[in-house]
There are 2 protein chains.
Amino acid sequence: MKKILVLGAGRSSGSLITHLLTVSEKYGWHVTVADADLALAKTKVGNNPHGTAQAFDLQHTELVIQLIQANDLVVSLLPASLHQTVATYCLAFKKHLFTASYVSAEMKALHAEVKQKGLLFLNECGLDPGIDHMTAMELLDDIRKQGGEIQSFESFTGGLLAPESDMENPWRYKFTWNPRNVVMAGQGTAKYLEDGTIRYVPYQQLFRRTTSVSVPGIGLLDGYPNRDSLQYLSVYGLESIKTMIRGTLRFKGYCQAWYILSQLGVCDETHDIELENKTHEEFMQAFLPAGHGSAEDKLGKLFPDYRSSISLLKWSGFFDSEKFTLSKATPAKAVEVILSRKWTLTPNDKDLIVMWHRIGYTLHGHYKHVQAALTATGINSDKTAMADTVGLPLALATELFLLNKFTDKGVVIPIKSNIYQPVLAGLKERGITMQLIT
Amino acid sequence: MKKILVLGAGRSSGSLITHLLTVSEKYGWHVTVADADLALAKTKVGNNPHGTAQAFDLQHTELVIQLIQANDLVVSLLPASLHQTVATYCLAFKKHLFTASYVSAEMKALHAEVKQKGLLFLNECGLDPGIDHMTAMELLDDIRKQGGEIQSFESFTGGLLAPESDMENPWRYKFTWNPRNVVMAGQGTAKYLEDGTIRYVPYQQLFRRTTSVSVPGIGLLDGYPNRDSLQYLSVYGLESIKTMIRGTLRFKGYCQAWYILSQLGVCDETHDIELENKTHEEFMQAFLPAGHGSAEDKLGKLFPDYRSSISLLKWSGFFDSEKFTLSKATPAKAVEVILSRKWTLTPNDKDLIVMWHRIGYTLHGHYKHVQAALTATGINSDKTAMADTVGLPLALATELFLLNKFTDKGVVIPIKSNIYQPVLAGLKERGITMQLIT
């Protein structure tokens with residue numbers, strides 16, 4: 001009997017846990033769902049006899065060891081910063097580890113040891129990173145098989161709000177994954193390759209240096225580059241191409257409004273700020289010049305070309321006289337608190353996942369390109385497209401691996417056909433599939 | 001016989017070493033000047049029999065121990081990041097340590113141990129921090145003695161280029177201290193108190209959120225806030241005031257041009273960039289959107305209100321077809337290389353130090369304020385006002401301490417009258433003094 005330990009029962013876990021419970025019934029496996037919030041874990045497991053809910057605390061070493069020892073494979077949905085601790089235990093007790101997170105330098109360094117112990121640490125197997133890698137490699141491998149030579153690769157993904165939900169929301173956005181990560185998005189310097197030149201975009205320019213992406217049935221979206229696209233040149237085998245960019249999609253308006261927040265420096269975790277008895281307006285004033293005038297008026301003067309963007313901040317309550325209930329927090333946390341009021345999914349809200357690839361190549365001396373898009377709409381706040389697209393690739397990969405459908409070892413991401421083909425086939429059965437744009 | 005070890009014989013060391021050699025002749029002391037560049041140390045010592053030049057490498061533990069053991073007091077002009085290593089040796093061998101650098105949290109943590117061992121680690125005893133603390137405390141103590149109650153404190157300092165030097169230089173600036181620190185200036189979030197509200201200014205807004213400062217004989221300057229002014233509320237005993245700001249002065253035009261650099265993200269040390277066979281123009285293009293057009297034209301489009309500032313970048317050669325001789329460096333280093341071509345003092349250039357304080361207070365129910373300024377002009381590129389104002393306070397404090405004129409112990413900065421009075425008196429004898437603005 002295969003035993004699977006799922007760490008984390010939060011936002012993106014629903015579809016993953018449901019699938020693993022279903023296959024456990026089929027194959028006689030068992031799933032233990034562990035979360036700091038036992039009640040949440042219990043909700044996810046329900047009365048399924050093939051599942052157990054478990055209270056969890058990564059600091060509680062004995063418990064962690066006991067849980068990891070008792071299972072064959074660990075799926076970690078914990079914050080990425082905690083994966084390394086989990087990986088250390090998995091190595092010590094020879095257990096496989098699956099995550100949807102980027103491979104950190106520390107994780108990568110474990111490759112030889114993981115492989116030597118006959119284990120698989122499969123990472124970047126969610127939506128983005130995850131489905132983007134798999135669908136991209138499928139397209140790239142297909143072009144290469146035809147004899148095409150890749151010239152450019154562009155790939156953008158966004159977790160958005162479906163057009164029919166909360167129609168008054170001018171951001172067309174709500175939190176469907178970790179709100180902290182949304183608030184901290186883009187910090188650092190993005191790097192990508194465009195027309196043969198490596199381009200650097202610092203945080204302060206990121207949200208004004210957007211590119212337009214047109215997706216059939218969705219319309220025009222804004223894309224901004226993610227982190228370091230250059231490292232995927234070698235991962236995808238595209239060392240000689242001229243353009244390589246991976247990025248994030250948002251509906252029009254979002255990036256311009258976020259540009260203002262990025263310029264003000266409010267999405268900062270490096271210091272605390274006193275919030276006791278402070279209003280949202282007073283919080284904003286602390287990041288603006290002194291003198292008379294409301295925060296809204298001051299922003300209008302500082303950013304005269306961004307009046308319509310300021311209205312998005314107003315809609316979100318950044319200028320409200322509502323007081324914080326926190327006494328002290330980082331500015332980033334205060335921004336999260338403000339945004340949470342209107343960016344929390346109501347029960348019937350539907351989210352929308354959009355992924356878009358464009359690949360340029362030459363074939364028999366002719367320049368061609370292929371565009372493809374994947375869209376997925378959620379059912380409600382509980383059954384989100386985000387939970388499906390992050391959780392199902394991970395769940396399908398777990399099922400396939402435990403059935404010995406692939407046998408890769410080491411620290412791996414899903415870019416080889418023996419993994420991506422069956423996972424993409426499983427996603428297609430569930431309606432999640434990339435469509436060529438013709 | 002007192003023995004003094006000076007670590008570092010670079011830009012700001014001339015006046016310090018000259019003064020210490022002079023007093024060594026007078027009192028029969030000895031000064032050892034240690035630098036990675038032995039020739040440089042030799043130049044500074046000359047033929048003075050009371051001085052020795054010494055090759056130095058902080059990695060060479062045996063040598064460091066031998067040098068520190070052989071002396072009574074260490075003056076460190078090394079980069080601030082190295083002071084902690086020096087402090088560790090000074091503690092181990094019970095030697096006093098004097099620096100012109102900000103007290104780091106690690107240095108502060110040594111206070112009890114330093115005191116218990118009967119040692120003095122005197123920091124922030126240069127220009128800024130240094131003379132600013134001493135002159136400010138003199139003014140503040142004087143107001144308090146009169147019975148005044150301080151309401152506001154503003155203090156700005158700048159190391160500039162004298163009006164008569166390099167008159168074509170539109171920045172009115174050249175490197176007179178560590179160029180790296182000039183390029184990296186302002187990164188992080190500045191914090192200050194204004195009209196009773198704590199204000200936060202991130203790097204990306206710092207150079208556009210300037211304040212005008214008028215100094216008699218100099219004219220209007222731009223000031224921008226330094227780091228964390230709030231920590232000096234308690235240091236200066238000003239916990240109940242409404243405005244507290246410490247900042248940096250630049251001539252008009254500098255900050256607006258630097259705003260463009262700060263927005264582009266070129267002053268970044270967190271990654272390397274390939275410079276082999278690259279021109280300055282190509283370096284700038286890497287931080288700009290793709291497409292046709294020169295870097296200058298693209299900047300004009302991105303920053304339409306900053307056309308005159310772009311001309312400063314042009315003057316500095318940011319758009320030149322000159323190639324880098326470095327093959328790989330951080331963007332910040334590349335900026336330093338470009339600026340060094342025109343920002344290196346020529347032999348007859350004179351630098352200019354400007355310090356300005358404004359203190360508001362109430363006295364017998366009436367609101368009053370006092371303004372004061374200190375200016376100092378260098379003689380040439382070798383005898384700079386920067387070297388005088390950074391080095392002489394440190395040299396005078398060293399002399400006074402070794403003569404037992406003050407006997408403070410622990411990790412200390414010069415804010416008490418027993419230290420600042422004799423040091424300011426010594427500076428006044430050398431023409432460096434604050435003048436009240438009436």
Side-chain angles (χ1 to χ4, degrees), chain A residues 187-211 225 227-228 230 242-243 245 259-275 278 282-292 295 298 302-305 330-331 334, chain B residues 187-211 225 227-228 230 242-243 245 259-275 278 282-292 295 298 302-305 330-331 334:
Chain A
Q187 301 198 13
T189 301
K191 295 164 200 165
Y192 65 96
L193 183 68
E194 192 172 9
D195 297 342
T197 299
I198 296 175
R199 307 265 166 201
Y200 302 90
V201 189
Y203 182 57
Q204 53 266 39
Q205 289 293 301
L206 192 67
F207 295 97
R208 71 179 289 207
R209 294 261 299 268
T210 55
T211 185
R227 307 167 177 229
D228 183 2
L230 306 177
K242 293 273 190 295
T243 292
I245 183 165
Y259 171 70
I260 295 174
L261 297 180
S262 73
Q263 285 288 330
L264 290 184
V266 288
C267 301
D268 189 346
E269 279 194 335
T270 65
H271 62 96
D272 276 330
I273 179 165
E274 295 287 342
L275 295 173
K278 290 258 169 67
E282 285 165 340
F283 166 71
M284 292 299 279
Q285 286 279 5
F287 293 86
L288 288 165
H292 293 292
K298 288 179 182 178
L302 276 176
F303 303 98
D305 299 335
T330 65
Chain B
Q187 301 198 13
T189 300
K191 295 163 200 166
Y192 64 97
L193 183 69
E194 192 171 9
D195 298 341
T197 298
I198 297 175
R199 306 266 167 201
Y200 302 90
V201 189
Y203 181 56
Q204 53 266 38
Q205 289 293 299
L206 192 67
F207 295 98
R208 70 179 288 207
R209 294 261 299 268
T210 56
T211 184
R227 306 167 176 230
D228 184 2
L230 306 176
K242 293 274 190 294
T243 292
I245 182 165
Y259 171 68
I260 295 175
L261 297 180
S262 74
Q263 285 289 329
L264 289 185
V266 288
C267 302
D268 188 347
E269 279 194 334
T270 64
H271 62 96
D272 276 330
I273 178 166
E274 296 287 342
L275 295 173
K278 289 258 168 67
E282 286 166 338
F283 166 71
M284 293 299 279
Q285 285 279 7
F287 293 86
L288 288 164
H292 293 293
K298 287 179 182 178
L302 275 175
F303 302 99
D305 299 335
T330 63

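Per chain, numbering begins at 1; letters A, B, ... match sequence-line order. Below, all heavy atoms of this structure are taken into account, side chains as well, without hydrogens, waters or symmetry copies. Since this is a predicted model, take the numbers as computed values, not measurements.
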Heavy-atom distance under 4.5 Å to chain A: side chain of [X], backbone, both or neither?
X      : answer
B:I273 : both
B:T211 : neither
B:R199 : both

Original post:
Taking A:L264, A:T270, A:V266 one by one, which has the highest count of heavy-atom pairs under 4.5 Å against chain B?
Top reply: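 The option with the most such pairs is A:L264.
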Which atom of [X] lies closest to which atom of [Y], heavy atoms considered:
X      : Y      : value
A:Q204 : B:S262 : NE2-O, 2.6 Å
B:Q263 : A:Y259 : OE1-OH, 4.4 Å
A:A286 : B:T197 : CA-CG2, 4.4 Å
B:H271 : A:T189 : NE2-CG2, 4.0 Å
B:D195 : A:G291 : OD2-N, 4.5 Å

Original post:
Checking heavy atoms, do the side chain of A:Q285, its backbone, both or neither come under 4.5 Å from chain B?
Top reply: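 Both parts, backbone and side chain.
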Subject >> Flag, side chain of A:Q205 to backbone of B:G265, donor-acceptor distance under 3.5 Å >> reply: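 Not at all, since once roles are kept as given, no pair shorter than 3.5 Å links the two residues.
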Subject >> More than 12 heavy atoms of other groups within 6.0 Å of B:K298 NZ >> reply: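 Yes, NZ of B:K298 has more than 12 neighbouring heavy atoms, counting only those of other groups under 6.0 Å.
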Subject >> Distance in Å, A:R209 CZ paired with B:L288 CG, rounded so as to fall on 0.5 Å steps >> reply: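 It comes to 6.0 Å.
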Original post:
Heavy atoms, side chains only, cut-off 4.5 Å: are B:R208 and A:L302 in contact?
Top reply: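 The answer is yes, as the side chains (C-beta and beyond) meet within the 4.5 Å cut-off.
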